[in-house]
Amino acid sequence: MQCRFGDKFKFFPALILVCLLALPSFALAGHGEAKTVKKGILLAAFGSSMDEAQITFENIDKAVKKAFPDVPVRWAFSSAIIRNILAKEGRVVDSPVAAMSKMMDEGFTHVAVQSLHTIPGEEFFGIVDTVKKFEGMPKGMTKVTVGNPLLYSDADMRNTVKAVIANIPKDRKAKDAVVLMGHGTHHFANIFYPASQYYFSQADPKIFVGTVEGAPTLDDVKGMLAKSKAKKVYLMPYMSVAGDHARNDMAGDEADSWKSELTKDGYKCVSVLKGTAEFPQVVDIWVDHLKVAFKHLGDH
Ligand code: CO
């Protein structure tokens with residue numbers, strides 16, 4: 001249908017009305033393809049090239065499929081470096097954009113994306129920006145929602161503290177300190193690490209949070225440890241996967257690892273090489289966030 005205003009000025013208002021009325025039907029009818037609602041889930045992690053981490057991802061996959069038995073679940077890793085390492089080993093994992101494109105081509109109309117990140121930092125917002133672009137794309141998705149990372153609300157902080165404490169090795173005595181190594185970032189969401197310190201301190205005065213790339217630093221942790229009078233320190237990653245940072249920067253034998261530095265300062269160190277994604281209580285928090293995101297998809 002075409003609107004021609006040229007010579008028939010007296011019908012002008014009527015023609016505008018006809019055109020306006022015609023517009024929505026064009027948009028809705030398209031080429032007569034009726035869109036049926038097809039819901040899916042995309043799990044987006046930073047990724048890891050470690051074999052041990054794959055088991056962790058499989059556990060998350062199982063937990064999500066148990067909570068959503070009828071919904072197809074796909075995966076994406078947001079780290080290009082990790083994806084390239086895996087590709088050389090013959091394991092192809094999609095980027096968030098590739099995973100969303102495939103889902104779009106498969107006719108998914110509603111996709112809930114769950115971030116398996118710890119803080120709402122650069123990686124998380126990168127995923128939000130990327131997947132939201134698919135919402136409303138011609139012949140694309142009607143609705144895309146994103147579940148919050150592990151730490152987002154006050155309740156998340158409290159639940160995460162409980163989850164981590166439940167997974168501290170049982171032989172740790174109350175007088176022993178626990179040092180958690182977070183990743184840290186230049187992004188303003190780094191504030192979630194000092195915030196975590198507040199919540200952990202409420203629950204246990206001898207748990208200290210430090211970061212590799214942000215604040216608090218190892219020096220900050222050393223100051224808190226000195227005041228705590230602890231002699232033994234349990235070192236644990238405050239990261240989803242016990243990857244390179246946990247194995248080298250935290251528990252490695254190099255002189256500048258946290259274990260070496262604290263041992264030099266006279267502490268007896270015990271390294272716990274388990275990422276938080278290995279804790280079922282932590283996986284439960286992500287699954288709860290996904291339930292909220294999935295609910296927000298609606299039905300049309
Ligand atoms: Co890093």
Side-chain angles (χ1 to χ4, degrees), residues 43 45-64 66 75 77 79 82 86 114-119 123 149-151 156-174 176-184 192-193 196-197 199-200 203-204 206-214 216 218 221 225 230 232-254 257-263 267-289:
L43 300 176
F46 179 74
S48 174
S49 56
M50 321 229 20
D51 285 340
E52 295 87 341
Q54 311 318 318
I55 301 154
T56 309
F57 295 136
E58 278 163 30
N59 284 337
I60 297 172
D61 191 72
K62 267 186 218 145
V64 169
K66 198 176 161 215
W75 277 85
F77 284 176
S79 165
I82 304 269
L86 290 172
Q114 180 56 45
S115 149
L116 300 174
H117 296 90
T118 301
I119 56 163
E123 290 291 323
L150 182 65
L151 306 177
D156 295 339
M157 304 299 282
R158 293 175 195 281
N159 292 334
T160 301
V161 163
K162 275 190 218 142
V164 171
I165 289 176
N167 287 278
I168 291 171
K170 296 288 167 272
D171 58 2
R172 179 240 172 177
K173 313 247 177 357
D176 302 332
V178 176
V179 168
L180 299 171
M181 179 195 254
H183 193 280
F192 277 83
Y193 297 104
S196 294
Q197 179 63 65
Y199 287 94
F200 276 108
D204 183 323
K206 285 195 167 59
I207 300 182
F208 306 111
V209 180
T211 64
V212 198
E213 292 175 20
L218 176 59
V221 169
L225 272 176
K232 189 175 177 183
V233 176
Y234 284 79
L235 288 163
M236 292 173 72
Y238 192 41
M239 298 182 218
S240 60
V241 170
D244 193 50
H245 289 305
R247 278 157 216 274
N248 298 314
D249 301 324
M250 187 187 88
D253 291 327
E254 301 79 20
S257 77
W258 288 22
K259 185 189 80 179
S260 299
E261 291 246 10
L262 295 177
T263 304
Y267 298 99
K268 188 179 181 322
C269 292
V270 180
S271 300
V272 185
L273 287 174
K274 262 188 153 195
T276 56
E278 290 180 63
F279 307 157
Q281 302 94 329
V282 163
V283 175
D284 286 346
I285 299 171
W286 278 315
V287 171
D288 283 346
H289 290 178

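Remember, it's a predicted structure, so these values are computed and weren't measured experimentally.
Without hydrogens or angle criteria, Gln54 side chain to Asp51 main chain gives no donor-acceptor distance under 3.5 Å. Counting only distance, with no hydrogens or angles, the side chain of Thr276 and the backbone of Met239 share a donor-acceptor pair below 3.5 Å. In this structure a side-chain-to-backbone donor-acceptor pair under 3.5 Å is present from His289 to Pro149. Gln197 contributes a side-chain N or O that, together with a main-chain N or O of Ile207, makes up a donor-acceptor pair within less than 3.5 Å. A donor-acceptor contact shorter than 3.5 Å links the side chain of Ser196 to the backbone of Phe192.
In this structure, the separation between NE2 on His183 and CG on Asp249 is 8.5 Å, given to the nearest 0.5 Å. For the atom pair Leu235 CG and Thr263 OG1, the distance stands at 8.0 Å (nearest 0.5 Å). Taking OG from Ser48 and CG from Leu86, the interatomic distance works out to 8.0 Å, rounded to the nearest 0.5 Å. Note: Tyr193 OH to Leu180 CG = 11.0 Å, rounded to the nearest 0.5 Å.
By the 4.5 Å heavy-atom criterion applied to side chains, Asp204 and Val178 are not counted as neighbours. Between Asp288 and Asn159 there is no side-chain heavy-atom pair separated by less than 4.5 Å. Using a 4.5 Å cut-off on side-chain heavy atoms (C-beta onward), Trp286 and Ser240 make contact. Side-chain contact between His245 and Pro237 is absent, with no heavy-atom pair separated by less than 4.5 Å. Met181 is listed as a side-chain neighbour of Val212, based on a closest heavy-atom distance under 4.5 Å. Residues Glu261 and Leu218 form a side-chain contact, since some pair of their non-hydrogen atoms from C-beta on lies under 4.5 Å apart. For the pair Tyr199 and Thr160, the minimum side-chain heavy-atom distance is 4.5 Å or more. Side chains of Asp156 and Leu150 form no contact here, defined as non-hydrogen atoms less than 4.5 Å apart.
Here the closest heavy-atom approach between residue Phe46 and residue His117 is recorded as N-NE2, 3.5 Å. Taking all atoms of both residues into account, the shortest heavy-atom contact from Asp253 to Lys259 is OD1-NZ, 2.9 Å. The shortest heavy-atom contact between Lys206 and Asp176 is CB-O, 3.8 Å. When all heavy atoms of Val233 and Val179 are compared, the pair lying nearest together is CG1-CG2, 3.6 Å. Closest of all the heavy-atom pairs between Leu273 and Ala251 is CD2-CB, 4.1 Å. The shortest heavy-atom contact between Pro169 and Val272 is CG-CG2, 3.6 Å.
For Lys232 and Asp171, the salt-bridge test fails: no basic side-chain N is under 4.0 Å from an acidic carboxylate O.
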Take Leu116 and Ile60, measure what side-chain contact (heavy atoms from CB on, under 4.5 Å) needs, and give me the verdict at the end.
-> CA-CA 9 Å; Leu116 300 174; Ile60 297 172; 4.1 Å; yes
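The aromatic rings of Phe77 and Phe57 sit tilted, their planes meeting at an angle between 30° and 60°.
A donor atom on one side chain and an acceptor atom on the other are not found under 3.5 Å apart for Asn248 and Glu254.
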